[in-house]
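What follows is a single structure, written as structure tokens, with notes after it.
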Amino acid sequence: MALVPKLLTGIYGLRKCQMPSAVSCLFLDPRFAGYCSSSLQKPAAAPNQALDRQGQSERALRSPHQREAALDIPSPDEKPEVSFDKAIQDEIKDHFRRLKDEFVNHWIGPEGRPLHEVMLEQAKVVWQFRGKEDLDKWVVTSDKTIGGRSEVFLKMGKNNQSALLYGNLSSEAPLDGDSGRSGYCAMISRVPRGPFERKKSYDWSQFNTLYLRVRGDGRPWMVNLREDTDLIQKHSQMYSYFMFTRGGPYWQEVKIPFSKFFLSNQGRIRDAQFQLLPDKISSIGLTLADKVDGPFFLEIDFIGVFTDPAHTEEFAYENSPALNPRLFR
Amino acid sequence: MSWAQAILLARSLSRGWAGVRGAALKGAPVSQVSPLALRGLHGSAATHSSDSSLVPRPPEPTRRPAKAQAPHEELFGQAPGGAREKASFVQAVQDFTRHNVHRRGHVDFIYLALSKMRQYGVERDLAVYNLLLDIFPKEVFRPRNIIQRIFLHYPRQQECGIAVLEQMENHGVMPNQETEFLLIQIFGRKSYPMLKFLRMRLWFSRFKNVNPFPMPRDLPQDPVDLATLGLRHMEPDLSARVTIYQMPLPSDSTGAPDPTQPHIVGIQSPEQQAALACHSPARPIFVEGPFSLWLRDKCVYYHILRADLLPPEEREVEETPEEWNLYYPMQLDLDYGRSAWDDYTFDIDEVEEGPVFAMCMAGAHDQATLAKWIQGLQETNPALARIPVIFRLAGSTGELLAASPGLEEPPLPPQGQEEESDSLHRQQQGQS
């Protein structure tokens, strides 16, 4: 059964602090002091949504400076001149631009595309990996947040045509007196944000199957979908299903219908099962926790959703009266 | 406690406290206080015993082992010759039940046995789990009235039962009817272990065949069999043929595999053979590897023989003439059946990579072994003799395994690692 990463604050590696960090210090939490994005490698970060969105906006703001800075190390004399007021102004302008876009797009159609195009669409690419900016939409976690020893990294694959998630899984339990087992690595997509960091969600009600084109090394992964909800009790619930990789040099197409996802709460399968309603999906995650120590890798080409006309099943799991007598009264 | 014991204890306590205070006043170092205090608290040591203490004396602090031994640990150390097997494990469990009719400390014993199961190699044995559940005294922990049913009756024992089932779940062991009867006998039908058992039975049977590429539970120990299994696992074409190019020498008395003759097992499908036959000798083909493949909990490494993708202008689609087969059409164009509404293709260019001609798994990952594989491949693919083969072996662990941050581009063809094969039959072609 899947182990859900605990929502504790992660350990942020203090990167090289430059002027923008002063901005971030004042703008964000003190915990973010010195957190600069690196476009080469995805650091392991805690999946705390509140912290991530601020980091993401800062990164988007500072991206032109930082990308160049990451490629050639600037000398200590020259510092990129960034003024606090200008940064704030740029940020506000960016948010208003997004707000204006949202109003204009509403007239054109859902998400800025004409209605007939959205309604007739039967296959849609949701996440592709063709450039560094595509990697920024993902966060990588491992059990380092609870004190384990697994490492996980995300980088672009060969010829910038795919993303490579690789690392080392270690099921050594952390010696904190509380956890008996450990060993998981996960790649979770960031929640899409609108103007003023409003949470948006994906609407996949037209589609009924999830499609992933991956190339693994034979390890079994788990695909988790989280719903966008305001109820606090539902924050620890997610829909999961297995993704078995074949290994080998050939690309593998994984098709998982939405009817196969089972509902789990806090990492354990729930007794009362309900089908996944794909109209408010907030994020997708790929987890590896197969209790086998060793290095792993997974190459992902793209992730999309499509309608499988041959698939008519609504929900794969029926509730059992032995476990849930109240549902059958 | 009787009055005599109480008086003796009070006397020794006062002596101990006086000893502590005295030592503190004299300024003695802290490390000397505790043995003095202990000696005083629990009566005098063997050197000077003024009064026989009725309170049992613990061993001296210096003689106490660094890690406290778990109770009943000695039951597991009694195996003759230290043989860690199911028989000795079962023997230890039976010793406990035989010498302990009232099952004192059975919860601790069961936790200890659960932690020792992996050492004895019985963690996937259902009979052993049933034996562990058998240790619980029956009919004692079942709730008898409504108050016992409301509150968690015997919580520690229920947690222990759940721990046994949890370890079964972690190792993928499906419980059977005997487990169900035991749980009903021990905890009753409405208990938490019984609930967990129901969940295990339901979800295990639902997810039993969920793997589209099933792997047997017990992997073969022989490396050649393991390589065959791995190659068949990777290759989707069922008509592919597995060829063993080199068997390892029969093991000597030392038992170590001979480094000069590792096993080489290769796989190639008829389509790959045909593609290799039409591959033009002007373009080199590469031996890449080693890449890792995980079979359950074993990691094996494989190499592939592939060519680069042809640039679009040189690609030609081979069309089979219609007269090739008069019985049924070799090519069916069924798209005319779909209307303009239906479009199930994704709006993205998929990653295209060059064709793979063959795969192999070898005991060693050096060029000499792979050259032997290429020579073996030449027997079935005579065209291979004219094509230059370049070995792109990325170190001992493979470029995908080496988690070197900052490694962005793949190794370009003319790099230090690769060498051109120097067989007499191959023509020397210019490097790309």
Side-chain angles (χ1 to χ4, degrees), chain A residues 1 40-41 120-125 128 130 151 153 155-162 164 166-168 180-181 211 213 215-220 241-242 244-251 260 262 269 271 290-297 299 301-302 304 306-309 316-317 320 322-323, chain B residues 163 166 169-171 195 198-199 201-203 206-207 210-215 230-231 233-237 288-289 291-300 302 304 306 340-353 356 359 397-403 405-410:
Chain A
M1 315 305 165
L40 270 182
Q41 192 173 314
L120 294 178
E121 195 179 32
Q122 269 146 350
K124 179 173 158 185
V125 176
Q128 58 185 16
R130 296 288 183 267
E151 297 170 331
F153 309 102
K155 70 171 189 190
M156 288 304 290
K158 281 192 202 168
N159 298 329
N160 273 9
Q161 288 284 314
S162 57
L164 179 67
Y166 65 98
N168 201 341
R181 12 167 226 169
Y211 179 99
R213 190 156 191 259
R215 184 159 65 175
D217 56 347
R219 290 232 193 183
Y241 198 67
F242 312 95
F244 290 97
T245 49
R246 191 175 203 149
Y250 305 112
W251 283 96
K260 295 280 188 197
F262 56 83
I269 295 188
D271 290 337
D290 62 345
K291 306 172 202 136
V292 173
D293 295 348
F296 65 89
F297 71 87
E299 258 187 272
D301 182 10
F302 69 92
F306 76 104
T307 327
D308 192 354
Y317 312 106
S320 119
L323 282 174
Chain B
E166 176 100 16
E169 182 190 326
N170 279 344
H171 292 286
L195 197 57
L198 286 176
R199 286 186 190 123
R201 198 170 59 173
L202 176 72
W203 291 105
R206 269 185 185 161
F207 293 143
V210 84
N211 192 346
F213 318 113
M215 183 62 46
L231 287 172
H233 184 78
M234 285 195 296
E235 179 64 56
D237 197 341
E288 287 178 10
F291 303 111
S292 63
L293 171 75
W294 282 91
L295 303 167
R296 282 231 180 240
D297 54 348
K298 288 210 183 133
C299 186
V300 290
Y302 64 94
I304 55 177
R306 69 133 48 103
W341 310 102
D342 285 342
D343 180 23
Y344 297 105
T345 52
F346 286 99
D347 186 23
I348 189 174
D349 302 319
E350 288 181 347
V351 174
E352 282 194 4
E353 288 181 358
V356 174
M359 292 195 280
T397 45
E399 66 163 12
L400 287 168
L401 297 176
L407 180 66
E408 296 269 297
E409 294 99 23

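Numbered from 1 within each chain, the chains take letters A, B, ... in sequence-line order.
Considering only heavy atoms from C-beta on, P220(A) stays 4.5 Å or farther from F213(B) through its side chain. Proximity of Y250(A) to M234(B): side-chain heavy atoms (C-beta onward) are nowhere separated by under 4.5 Å. You'll find the side chain of S292(B) stays beyond 4.5 Å of the side chain of F296(A), heavy atoms only. Counting only heavy atoms from C-beta outward, the side chains of D217(A) and L293(B) never approach each other to under 4.5 Å.
Residue K124(A) touches chain B through its backbone alone, counting heavy-atom pairs closer than 4.5 Å. For chain A, the nearby part of E288(B) is the side chain; its heavy atoms alone come within less than 4.5 Å. Of the two parts of M359(B), only the side chain, counted from C-beta on, holds a non-hydrogen atom closer than 4.5 Å to a non-hydrogen atom of chain A. Both the backbone and the side chain of E350(B) come within less than 4.5 Å of a heavy atom of chain A. Heavy atoms of I304(B) lying under 4.5 Å from chain A belong exclusively to its side chain. For chain A, the nearby parts of R199(B) are the backbone and the side chain; heavy atoms of each come within less than 4.5 Å. In this structure, chain B has heavy atoms under 4.5 Å from both the backbone and the side chain of R246(A). Of the atoms belonging to Y241(A), it is side-chain heavy atoms, and not backbone ones, that fall under 4.5 Å from chain B.
Per-residue counts of heavy-atom pairs under 4.5 Å with chain B were compared for K260(A), Q161(A), R219(A); the largest is that of R219(A). Taking D347(B), N211(B), V210(B), T345(B) one by one and counting their heavy-atom pairs under 4.5 Å with chain A, the maximum is reached by N211(B).
The side chain to side chain donor-acceptor pair (under 3.5 Å) check on N170(B) picks up R181(A), with sequence neighbours excluded. Every side chain to side chain donor-acceptor pair (under 3.5 Å) that E121(A) has, sequence neighbours left out, goes to R113(A).
Here the OG1 atom belonging to T245(A) is positioned 12.0 Å from the CH2 atom belonging to W294(B), to the nearest 0.5 angstrom. Interatomic distance, CG of N159(A) versus CD of E352(B), reported as 12.0 Å (0.5 Å rounding). The CG atom of L198(B) lies 9.0 Å from the CG atom of D271(A); values are rounded to the nearest 0.5 Å. The line from OG of S162(A) to CD of E353(B) is 7.0 Å long, rounded to the nearest 0.5 Å. Taking CD1 from I348(B) and CZ from R130(A), the interatomic distance works out to 4.0 Å, rounded to the nearest 0.5 Å.
Between F306(A) and F346(B), the ring planes are perpendicular. Angles over 60° get that label, and only those under 30° would be called parallel. Using cut-offs of 30° and 60° for the angle between ring planes, the Y317(A) and F207(B) rings count as perpendicular.
A pairwise comparison of heavy atoms in F244(A) and P212(B) identifies CD1-CD, 3.6 Å as the closest pair.
The local environment of CG in D297(B) is crowded, with over 12 non-hydrogen atoms from other residues, nucleotides or ligands closer than 6.0 Å. The environment of D293(A) atom CG is dense: over 12 non-hydrogen atoms of other residues, nucleotides or ligands sit within 6.0 angstrom.
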Practice prompt. Begin from the C-alpha positions of V351(B) and R213(A) and carry the test side chain to side chain contact (heavy atoms under 4.5 Å, CB included) through to its verdict.
Written response: CA-CA 9 Å; V351(B) 174; R213(A) 190 156 191 259; 4.1 Å; yes
